[in-house]
Amino acid sequence: MTISTETTGVTEAQGIGASPVRPDGTMKVRGEFAYSSDLWHEDMLWGATLRSPHPHARITGVDIAAALAVPGVYAVLTHADVPGVNRYGLEHPDQPVLAEDVVRYQGEPIALVAADHPETARRAMKRIEVGYEVLEPVTDSEAAVAGQGPALHPGGNVVRHVPIRRGEQNVTADVVVTGTYEVGMQDQAFLGPESGLAVPAEDGGVDLYVATQWLHVDQQQIVAALGLPPEKVRLTLAGVGGAFGGREDLSIQVHACLLALHTGKPVKMVYNREESFYGHVHRHPARMYYEHGADRDGRLVYVKAKIYLDGGAYASTTAAVAGNAATLGVGPYDVPNVTVDCWGTYSNNPPCGAMRGFGAVQAAFGYESQMDRLAEACGLDPVEVRLRNAMSEGTVMPTGQVVDSAAPVEELLTRLRAMPLPAERSGELDLRRLPGGVSNTTHGEGVVRGVGYAVGIKNICFSEGFDDYSTARVRLEAVGGEPAATVQTAACEVGQGLVTILQQIIRTELGVEQVTILPMDTSIGSAGSSSASRQTYMTGGAVRAAALKVRAALVAHAARVLGHEHTELSVAGGKVVSRHDGVLADLVDVLDGEAFDETVEWRHRPTEALDPETGQGNAHVQYGFAAHRAVVDVDTELGLVKVVALDCVQDVGKALNPQAVLGQIQGGSAQGLGLAVMEEIQTRGGVIRNPSFTDYLIPTVLDMPPMRIEVLELADPHAPYGLRGVGEPPTISSTPAIVAAIRAATGLALDRVPVRPEHLTGT
Amino acid sequence: MRLNVTVNGERRQADDVWEGESLLYVLRERLGLPGSKNACEQGECGSCTVYLDDVPVCSCLVAAGQAEGREVRTVEGLAEGDALDPVQQSFVDAGAVQCGFCTPGLVVAAHDLLNRVPEPSDEEIREALAGNLCRCTGYEKILDAVRLAAGAR
Ligand code: FES
Ligand code: FES
C-alpha cells in the first residue's frame with residue numbers, strides 16, 4: 001500500500017487519516033437532526049402538486065374554481081402565476097415550472113395548492129379540472145436518433161450526440177465478439193422524501209430551507225422563475241436524507257417559493273413515496289450495441305459501440321451523462337482503435353438525469369459483459385483477459401487524454417483474485433443463506449454457484465471544460481479560552497460525511513481540536529454540487545487552501561509576537577511550534593483576541609471540451625477505479641439469486657476518513673447489487689407501473705452479503721492530499737460482477753439488467 | 001377528534017385530529033416529535049418504527065385513533081438525558097449513520113432485538129432488521145453497530 005505523504009500540517013489525532021465520529025451523528029441517532037421534512041413554522045401552510053396522469057397530452061383547459069372554493073385552501077396556482085421565466089433546467093432550461101399547453105411525462109406538475117392541512121390540499125387538488133387531449137407517447141431512443149416520430153422539443157428529439165474516434169476506423173481483428181445490452185431505469189430511492197419550507201420575507205423575497213445537492217444552482221433557477229434578484233432568494237440546506245444524484249434537479253424549490261410569495265405565509269411541501277418517484281429524475285435506461293475485436297491472445301484491437309440513453313421528457317443532465325458514457329465507453333482498458341457513438345434523447349418517459357455513476361454505470365454493464373464474452377471466445381480466464389488489456393498510468397484514453405496519475409487496474413484485479421472465496425455450501429444449511437431465504441423455497445437442490453469479476457472507471461469532478469470551483473471560508477480565533485476554527489461553505493452534506501472531513505482537514509492544517517461547521521447556505525459563494533464524487537476533492541481542497549492562508553497569516557503574526565523566524569514556525573496540538581525549539585506558546589495566547597479569517601475560491605486544473613466530430617480532448621480531471629468479485633447462488637428452478645459474497649478493491653488515492661471510505665464502498669456496492677438483480681422503474685407507454693417501495697425493490701439487509709474490501713492509497717499528485725473521489729466507482733463495477741457470476745452459474749447470456757427470475761427460468 | 005396518548009412517559013393530548021391521520025403524522029406534526037421518519041408512509045421501509053405498548057410497529061400504518069390511551073416510545077425516548085442508549089452510541093461509533101434517515105427506525109428495531117435476544121447471531125440480526133431499508137450504508141456498518149451494542153450491554 002502506498003501512502004500519500006503530501007500532508008502539509010502535522011497529523012492530529014482527529015485529523016485526516018483518522019475516523020472521528022460524525023459531528024451530526026449524535027443528533028441523528030437521537031432523532032433530533034432536522035431533515036427537510038421535519039421543518040415546522042408557526043402558521044405554515046401545506047403545498048401540494050397536481051400532476052399529469054398522461055405521459056403525453058395537450059392541455060385543453062384548467063379550471064381551478066372548485067378547488068379554490070374548498071375551505072382551508074389559500075391558493076391554487078398554474079403556469080399563469082409564474083412571474084418570471086416558466087422554464088428551468090440544469091443544462092438547458094427546457095422544463096416548465098408548471099405545464100402550459102402540453103405535458104411531456106406522467107407526473108409533470110400542472111398546478112399547485114396551498115392549504116391548512118395536507119389532506120385539505122389533496123382534496124382541493126382533486127377538484128382541479130384539467131382537460132386533456134391525449135397524445136401518442138414517444139418512447140424509443142433509437143427512433144429518435146433515426147429522426148422518426150414527432151418532435152417533443154423545438155430542436156428535435158436528440159439532446160446530444162457524442163462521437164469518439166480514435167485510431168483506425170476500419171480495422172479488422174481475428175476474434176470478434178458482439179452483444180446488445182440493456183440497462184433498466186434505476187431510481188436513487190433516497191429515503192428522505194423531497195421536501196422543504198419556504199418562508200416569505202419582509203423584503204419581498206423568500207427564504208427557502210431545502211434538501212438539495214447544490215444550493216447555488218437551485219438559486220439560479222429559482223430566481224429566473226420568480227423574476228427576483230439573487231439576494232432576495234436565500235437558500236439554507238435543511239437535513240438531507242440521501243441524494244445519489246436525485247436531488248440535483250429542482251423538485252419543490254420553485255413551487256414552494258411561489259406558494260409562499262403568493263399567500264404571504266410559510267409553505268411546507270413534502271412528497272410521499274409515490275410522488276417522489278414522479279418528482280425526481282432517474283438513471284437513464286440504455287440500449288448498447290458493442291463489438292470488440294481482439295487478437296487470438298485476447299488483446300483488444302478495436303472497440304465499436306453505439307449507446308442510446310433515454311433522457312425522458314426534459315434534458316436535465318442528459319448531455320453530460322452522454323459525455324461520460326461515450327468517453328468511458330470502452331472501460332478501463334487500453335484500446336488502440338475506438339469508434340463510439342452515444343446519443344442522449346428526449347421521449348415521453350420519466351425525465352432522467354444524475355444518479356451515482358452517471359453514464360459510467362450503463363457503459364460498464366456493456367463493456368464488462370463484452371470482456372467476459374471475449375474471454376470465452378479466446379479460451380481465457382475472465383481476469384486474465386482484463387489483465388492483458390488493463391490500462392495504466394500513461395495510457396492514452398479514447399479521447400486522446402493521457403492518464404497522468406495512478407490507474408492501478410492490474411493491481412485491483414490481482415488483489416481481488418487473491419482474496420479468499422467464501423466456503424462452499426455444505427452440511428446443515430441455514431435457509432437464510434440460500435436463495436429465497438426463509439420463504440423455504442429450496443434446501444439447496446437446484447442451486448448452482450458462480451463467480452464473476454468486473455472493473456470500472458469513473459471521471460471524478462466536473463468535466464468537459466466546466467468552470468468547476470468551490471468557495472470556503474475559514475476563521476480562527478480564541479473562544480472560551482480555547483483556539484477554535486469555524487468553516488463556512490455552501491457544500492451540501494447529503495449523508496456522505498463531508499462535515500466530518502472538513503473538520504479533519506482543519507485539525508490537520510491548523511492543529512486545533514474545536515472546529516465548527518456553519519450551516520450551509522447561499523450567503524457564501526458556490527461550492528458546486530455534491531455529485532461526481534467531487535466534494536471532498538473540491539470543497540476539501542477549498543477548505544484546505546483557506547486553512548493554509550489562515551495558517552500563513554497566523555504564523556507571520558506568531559513570528560512577530562514571539563520574535564522568531566516565521567519559516568521556523570508551525571501549529572500543532574493547539575500550540576505554536578518551532579522546528580528547532582519545540583513548543584513556543586499556546587496558540588490561544590498567541591491569538592490574544594486576534595481573529596484570522598480567509599475566504600478562498602478554489603479550482604481544480606482546467607479541462608477541455610470534446611471536439612464535436614472526433615471526441616478528442618483532455619476532458620476529465622481525474623479517473624477513479626474499483627473492481628468487484630461477486631459470488632452468487634442461483635436457484636435455477638425459481639430463478640432466485642442470492643449474492644453470497646461481494647468483494648471490492650478500490651484505489652482512493654488517500655483515505656481521508658477510512659471509515660467513511662468503507663461506508664461509501666459498501667453503500668455504492670449495494671446500489672450496484674440493486675441494479676443487477678432487482679431495481680427497475682418499469683414503464684409502459686411512458687407510464688410508471690411500480691411507483692412504490694412495494695413494487696420497486698431496493699436491497700435489504702438480507703440481500704447484502706458481507707464484503708471483503710481492500711483500499712489502495714496511490715496518491716494523485718494533482719489532487720489535495722493525493723485523494724481520489726470515492727463515492728461513485730463502487731456502484732459501477734458491482735452490477736456487472738454480479739451478472740457475470742450469475743452467467744457463470746447458469747450458462748445463460750443475460751444481456752439485460754436487472755436480471756429477473758424469468759430471465760433465469762426462461763418462463 | 002381528541003387524542004390522548006402517553007409518549008415517552010409523558011401524557012400528551014392532541015386536538016382536531018382528522019381521523020385519517022396516522023400515528024406517525026400526529027407524532028411528527030402535532031406533538032413536535034419528528035424523530036420518527038416518513039420515508040414511505042406505506043409500511044415498507046421501517047423508518048417510522050416506534051414502540052406501541054412495548055411492541056415495535058410501523059407508526060405510518062397505525063391510525064392515530066388506535067393509539068388512544070396507549071403508550072408510545074419513540075427514538076426520542078431512548079436516551080437517558082445526555083447519555084445515549086448503547087444502541088444509539090454504537091450506531092455513531094460504528095459509522096452506521098450516513099444520511100441517518102433510516103437511523104431512528106433501525107435504532108428502535110435493534111433496541112427491540114437486543115431486549116429480546118441479548119446476543120443475536122448475524123442471521124438473527126439480519127432477520128430482525130429485514131424490514132428496515134437503508135439506502136446509504138449497504139448495511140455492513142449497521143450490523144457492526146448491533147454487534148457492538150450487544151457487546152456493550
Ligand atoms: S414510513 Fe412507515 S414503513 Fe416507511
Ligand atoms: S443512512 Fe441514509 S438511509 Fe440509512
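A, B, ... follow the sequence lines: proteins, then strands. Residue 1 opens every chain.
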What's the separation between atom OG in A/Ser36 and atom CZ in B/Phe101, rounded to the nearest 0.5 Å?
7.0 Å
Just verifying a value: how many Å separate A/Glu274 CD and B/Cys40 SG, rounded to the nearest 0.5 Å?
12.5 Å
Any idea which of B/Gly100, B/Cys102, B/Gly77 has the most non-hydrogen atom pairs under 4.5 angstrom with chain A?
B/Gly100
Pairs of heavy atoms under 4.5 Å with chain A: top-ranked of B/Leu133, B/Leu78, B/Thr103
B/Leu133
Value rounded to 0.5 Å, distance of CZ in B/Arg28 from OG in A/Ser37
4.5 Å
Using 0.5 Å steps for rounding, measure from the SG atom of B/Cys99 to the NZ atom of A/Lys28.
6.5 Å
When rounded to the nearest 0.5 angstrom, what is the spacing between CE in A/Met704 and SG in B/Cys134?
10.5 Å
Quick one: does A/Glu32's side chain have a donor or acceptor within less than 3.5 Å of a partner on B/Gly35's backbone?
no
Interface moiety of B/Ala130 toward chain A, non-hydrogen atoms closer than 4.5 Å:
both
Main chain of B/Ala39, side chain of A/Arg273: is a donor-acceptor contact present, judged purely on distance under 3.5 Å?
yes
Which atoms form the tightest heavy-atom contact between A/Gly663 and B/Gln98, and what is the distance?
O-NE2, 3.2 Å
Pick one of side chain, backbone, both or neither for B/Ala96, based on which atoms fall under 4.5 Å of a heavy atom in chain A.
neither
Between B/Glu76, B/Gln89, B/Glu44, which residue shows the highest count of heavy-atom pairs closer than 4.5 Å to chain A?
B/Glu44
Quick one: what part of B/Glu41 sits under 4.5 Å from any heavy atom of chain A, side chain, backbone, both or neither?
side chain
Under a 3.5 Å threshold, yes or no: a donor from one side chain and an acceptor from the other, between A/His117 and B/Glu21?
yes
Flag, side chain of B/Arg135 to backbone of A/Gln188, donor-acceptor distance under 3.5 Å:
yes
Would you confirm whether B/Arg126, through its side chain, and A/Leu702, through its main-chain N or O, come within 3.5 Å as a donor-acceptor pair?
no
Residue B/Leu143 versus chain A: region with a heavy atom under 4.5 Å:
side chain
Note: vs chain A, highest number of non-hydrogen pairs under 4.5 angstrom among B/Asn132, B/Leu106, B/Asp93 is B/Asp93
Sequence neighbours excluded, every pair satisfying side-chain hydrogen bond (donor to acceptor under 3.5 Å, both in side chains) that has a member inside residues 138-151 of chain B:
B/Asp122-B/Arg147, B/Asp144-B/Arg147
If I take atom OH from residue A/Tyr35 and atom NZ from residue B/Lys37, how far apart are they, to the nearest 0.5 angstrom?
6.5 Å
